[in-house]
Amino acid sequence: MAVIRSISTVLFLSGLLLVYSETVLSDCICVGDEHSDDYSAPGPKPNCSRLVSNLVEATQEIAHHSTIMLLRGEEVISSSVIIIENLININVTSIKSTRIVCDQHSVGSGITLINVTNLTLSHITVESCGALHNVTDKGKLEYFFSSAIYLENCTNIDIGYIKVSDSYGTGLCVLNSNGFITIHHSMFINNTVINGSVDTSELLLGGGGIYFELSKCSPQWQDCDPYSNTYNINNTININNCIIANNSVLADPDSIQFTNFRGGGLIFWVRGTSKNNTAVIEDSVFEGNAGLYGGGLFVQFFGRPTYNNVTIKNITSKGNMARLGGGGIDLGYYSFRPHLNRHNNITVISSIIMSNRAYFGGGNAFFSTLVTNTDPNNRVHFYDTLWTLNRATYGSAVYLEPVINDVPANSFFPIPRFTNCNFTQNFIVVSVSGTSAGVSVSSVGAGAMNSKAISAQLEESILFEANNGTAVYFIDCIFLVEENASITFRNNSGTYGGAMSINGFASLYIKSNVSLNFTNNYATVKGGAIYFFSTDIKTSLLTGSSCFVERFRTKKRFETSFYFRNNTDSFNKTLFISSLLPCNKLCQSTNVYLTYIEPERLLTDECIGNFTFVDYNGSVSANIATETSEFVHDGTMRDIFLVVPGKDFILPFTTKDEFDHNSTEPLFAVLSSNNNDNGNIPKLQNIYTANNRFQIKGQSNDTGHLEIRTLDFRNLTVGLDIKLTECPPGFINRNDTCLCSADYIGEHYDGITRCDNQEFQASIVSGLWVGYKDDLVFENNLYTATCPPGYCNDSHTSSTKLPSEANATVLSTLICGDKNRMGVLCGECIKDHCVYFNSPTYKCGSNDDCSYGALYYILSSILPLSLLFTIVVLFGVNLSSGALNGFVFYAQIIGYFANGETYTTKFEQVLHLISVLLYGPFSLKFFNENTFSFCLFKESNFLTIMAMEALSLLFSLVLVIVLVFIMKSNYFYKLQFMCCKRPIFKPTTLTKALTTFLILCYSQTTQICFEVLHIGFLRGKGGGIDSARVFRMGNQVYFADWHILCAIIALIGILTVVTITPLCLILYPVFFKIIPPKLQEKKLISFFVAKVETLKPVFDAFQGCYKDQYRFFAGLYFLYRAIIVGVFALIGIHLASLSVAQVILMIILSLHLWIQPYQTPLHNRIDGALFLCLGIITTLSFTRHFETTSQSQQWVLTFTGLLQLFFVYIPGIVALIVVVVLAMRKCCKKVNEKEFIVKQKKQKDELTETLHYHDHRITTSYLNMEDIRSDDDLREEFEVLNIN
């Protein structure tokens, strides 16, 4: 505004001398006081004819040829209208730019001049004024409006060096004034409208900087015929060097139908029969104005004006806003038959249109009604004009559109011409409220230049640069490029067509020697440089009228250049063309029958023009995509297609374009229902698709016929029969759509935690089984359960994604397939497979290796058992001693902690196998590892294997009993004498042998019983429990068929061996302590006590190593075994079983460290160390589990595996060292014994010789008996030493 004020000062000073020269020639009425400071100031003085006190008084005395000279710096008008009318040669001026201020808060004061000839207004400032006026049509009131300065029917007007601001309405209104009219060097600022007035309750209209109208009728014209009057002819209007800023009109869409006050800055109407009028608007600035149409400048020819010219030259339209169209400038021709306006011209020259905004036509809009079927007559031309930084939803720079909804065929509209114009950085926006380049910017919209049915003509040099929302977007019109023109599209972007989007019946028409350059343009969908979508492909194949490029035929050589570099879209294509086939006509105009021409030839000067592609080595096919030309089946065609309700159905074919590319065109679908028994009708969720997929809703088993069509006008069609399936596992059908069950509390499946709603895949927690019972596929028959360890596929992740189709076989393969398993809980081996013997996970292997099953069974079970118990019986091995008890417990339990581990390296696996061989015999599992497992016989299952393991234990029991009786037989005693000089093996007691057998078989017996009795519960939708199943044999219903017998035997085993053994050993030591002595004397109790005492040797065999008060710990050790084995056998999740076992181990360790139950302190320390070692191994198992799940660092997994195996081996290595040391001591002892015997024999011989040869005197060589008593190692030898 500082610039505006400085310009104003210069303008007023430069016109001061002109004012004084005019006042000398007329009657001068001075308004003010000659003695005032304003009048007495230095400078030339006016020649006043008379002096009046105020402006109202001056207008009462004014006559022809008068000048009103304002002397004061400020004149105030209070609630009155200054009216001057029916006079000639009137001049209103001031000595020094007097401010005329209306003292009002609404309309009521202003200046009105009517029917004044030769009017001059200069050097005045009008502020805060606005007088009420009305617009009439044939004397009938139409509406009220207000204006600060109102001129009506005046002739020859000169308005200069004035300023009109802050008006309550329009700043300056010039209505039907003729002759030479000049408005120059003036400012019109901040003039706007208010609602309501002191004189009327009607809606008040008006506003804007200048309102200029040559109308069809005027309020002063009597008997006006709007189609025959002779007013408004041959006038000259010039508006120059003006500043029109921050003005606005009533922006109420409801007022559009009856108000002419539409533009915010300058409103210029040419109406009625106006003829031969010339208007020039030049060297002016339009800034910050707001209106409905034409925020800065509104020019319209309305009705039947003819041969009128409006020239807009060297103006700047900046920062203006239109609520609807034409943010900077709105131009148009508006008329209807039979009263048409013709031969009118609008020309815009060397102007800058920048930073304007509107809903359509951010820079400027041009509209027109239907004119003619032959020649449009009216013209609009833009020369050397710049559009930049404008914003709109449609046509950010220029918007061209007819003002009718349906455009008849062969209609002609004025064709805007653009010569040497520049369109730079214009933006498509979502809302016109955006005030900066980055606000509300959108790539979805239509063009910096947008045209519908109005063609455009481009001449000479045209630049479109850095526009978004497509540089040029036109529909059903011609984009004409004149001869020798050069059009450049650079760095533009859009959705469909980065540089150009040609739609409907539109084409790009070119003349000779034309150059079009497309560089660095981008489309988010199709057509990096050009997008062409024709609605008349069929017709164009014959006529050639719908080729995307048409040309004017001339006799001279036709040369046209299209250059493309670095233009791309989402499919990496430069051009998208509906079809190149219509372009064949351009090369065969004289042929009756068209032949196919290769695209490489079409895109040359011979046909369309010379197309040069820099990208993809200039390949035409690599740069161009077309509409779908055919359907290509993918080989999966079938009679009926299965569709999941609500899931994307991928079509079983691909669409190809004319270059055999995969087509990018969307498809259209129609779904018709077949006769469904349930009465349900499948429904399409979407009828259009751009990625070859549709969503269909309905219930399972609903059928229908899906017809797929292309959207282009070739109308390619293919039909498919479809059938809706059950929802994928983990999904439920609600409202005809498969939805994730995890989102529905009452209908969820246990373990289903989340779903991928794009791929329709549910995720189940790892370690759980999911499947259909009896292979019947429907959502109410889907169940989940804890999967037996080793049965289900291990993804080493926290969850597993389920299939996206409801198929029992596919689901079973996913959950069980890698383990050669199937069925409920993966409890059944697949065909030609059976459960292998010696497998800790009961793996399923091939039946092909069963030929030597019996031999392998003997070698891996019968022979090792026979060898082991033969050694136990022959050597009287006692495993219940304090030194061995803890180690045996460790050896039996360690397998349960380590068998669940997965070792990654070969070295780890070998070490693990050796540990199995080292510790396995102590639990009667000699080769209990999958590597050593084998097929015992065909079709063996879990219960079969359990029976065979129980049979092995029974064989061991019989073997022990038989061996004990054999060793006690005379035959065995004699047999030893036959082989040796003396018996090697001492007969062992049956109690001692059975004690060792019970220790060795207890954990194995416990595991077999628990495994057989383990129940697996299937949980269906909503968490309900189905029938119980055998956990390790899911297809077997619990306590049915063969499982009844196995379960009964297992229950007997638990009641007799597993439970009674620890209970008896725990209760026996405390039996006599808890029963009072007097009660023990009772007959029944004493009888029971006597019977119990007979078992004392058995109890002593187990409890002899413990302190008397802690002899019950013998039973606790069996109880420990039962609890830990039960944890791993009955808890199906390995991590959970490890967690519980770790807690139990810590309790056991704390208990033993606190109580110290063994008589020998060393034995207490040994067991404490063994329990601590087990705890460390368990902790490392946790680390390995989480590292296996995360799969983040392989070295951590390997390191922890080796460290775990190190602790596994420590007790075994220590035990081996102890055995070796004891064996070495034993050998040394044997050598010493032999030396002693030899020495004694020699002494005996010497003694005998002395008795016979030395006078029969007897000498005694003796041993110190005290030494013998104190040396336990010699006593055994003395037992066998025979001295006579």
Side-chain angles (χ1 to χ4, degrees), residues 1-2 4-16 18-20 22-23 28-46 48-62 66-84 90-113 120-131 146-150 159-172 185-192 209 243 245-246:
M1 293 305 297
I4 295 174
R5 296 182 187 277
S6 61
I7 294 175
S8 174
T9 302
V10 173
L11 296 180
F12 282 121
L13 291 175
S14 62
L16 192 57
L18 176 61
V19 173
Y20 290 132
E22 291 177 349
T23 59
C28 182
I29 302 173
C30 294
V31 179
D33 186 357
E34 290 183 346
H35 303 289
S36 66
D37 293 337
D38 296 324
Y39 184 76
S40 61
K45 300 293 188 293
C48 298
S49 303
R50 54 187 178 275
L51 182 66
V52 297
S53 61
N54 56 64
L55 189 56
V56 175
E57 186 179 348
T59 57
Q60 293 174 353
E61 298 184 10
I62 194 170
S66 296
T67 296
I68 296 178
M69 175 64 68
L70 304 177
L71 301 182
R72 285 190 289 263
E74 180 177 299
E75 288 289 333
V76 177
I77 304 175
S78 298
S79 301
S80 61
V81 179
I82 307 300
I83 301 176
I84 302 173
I90 300 299
N91 180 15
V92 180
T93 185
S94 72
I95 189 172
K96 49 188 298 185
S97 188
T98 297
R99 294 173 59 241
I100 301 175
V101 180
C102 295
D103 184 13
Q104 62 179 4
H105 299 287
S106 61
V107 296
S109 300
I111 300 173
T112 300
L113 299 102
T120 300
L121 296 177
S122 65
H123 296 92
I124 61 173
T125 297
V126 180
E127 296 182 7
S128 304
C129 294
S146 64
S147 177
I149 302 177
Y150 178 78
I159 300 175
Y161 305 101
I162 74 168
K163 178 182 177 182
V164 183
S165 65
D166 302 309
S167 302
Y168 293 98
T170 305
L172 171 63
H185 301 93
S186 297
M187 296 192 300
F188 302 87
I189 299 173
N190 197 31
N191 300 288
T192 185
I243 296 174
N246 300 324

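What you are looking at is a predicted structure, and each value in this text was computed from that prediction instead of being measured.
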Checklist entry - After noting the C-alpha distance and the side-chain angles of Val101 and Glu75, does the key distance pass the side chain to side chain contact (heavy atoms under 4.5 Å, CB included) rule? => result CA-CA 6 Å; Val101 180; Glu75 288 289 333; over 6 Å; no
Under the 3.5 angstrom rule, does the side chain of [X] hit a backbone N or O of [Y] as a donor-acceptor pair?
X      : Y      : value
Ser94  : Ile124 : no
Thr170 : Leu172 : no
Ser109 : Ser80  : yes
Ser165 : Ile189 : no
Ser146 : Tyr168 : yes

Checklist entry - With respect to Ile100, which candidate in Thr125, Val164, Ile111, Val92 satisfies the side-chain contact (heavy atoms from CB on, under 4.5 Å) definition? => result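 Option passing the side-chain contact (heavy atoms from CB on, under 4.5 Å) with Ile100: Ile111.
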Next on the checklist: Pair Ile68, Ile84 - check side chain to side chain contact (heavy atoms under 4.5 Å, CB included), show working.
Outcome noted: CA-CA 11 Å; Ile68 296 178; Ile84 302 173; 4.2 Å; yes
Please report the closest heavy-atom contact between [X] and [Y], naming both atoms and the distance.
X      : Y      : value
Ala58  : Ile29  : CB-CG2, 3.9 Å
Cys129 : Gly110 : CB-CA, 4.2 Å
Arg72  : Gly32  : NH1-CA, 3.2 Å
Cys30  : Leu71  : CB-CD1, 3.8 Å

Checklist entry - Does the side chain of Thr120 pick up a donor-acceptor pair with the side chain of Asn91 at under 3.5 Å? => result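 No, no side-chain donor-acceptor contact under 3.5 Å.
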Next on the checklist: If you define the side chain from C-beta out and look only at heavy atoms, does anything of Thr98 sit under 4.5 Å from Val31?
Outcome noted: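 Thr98 vs Val31: side chains apart.
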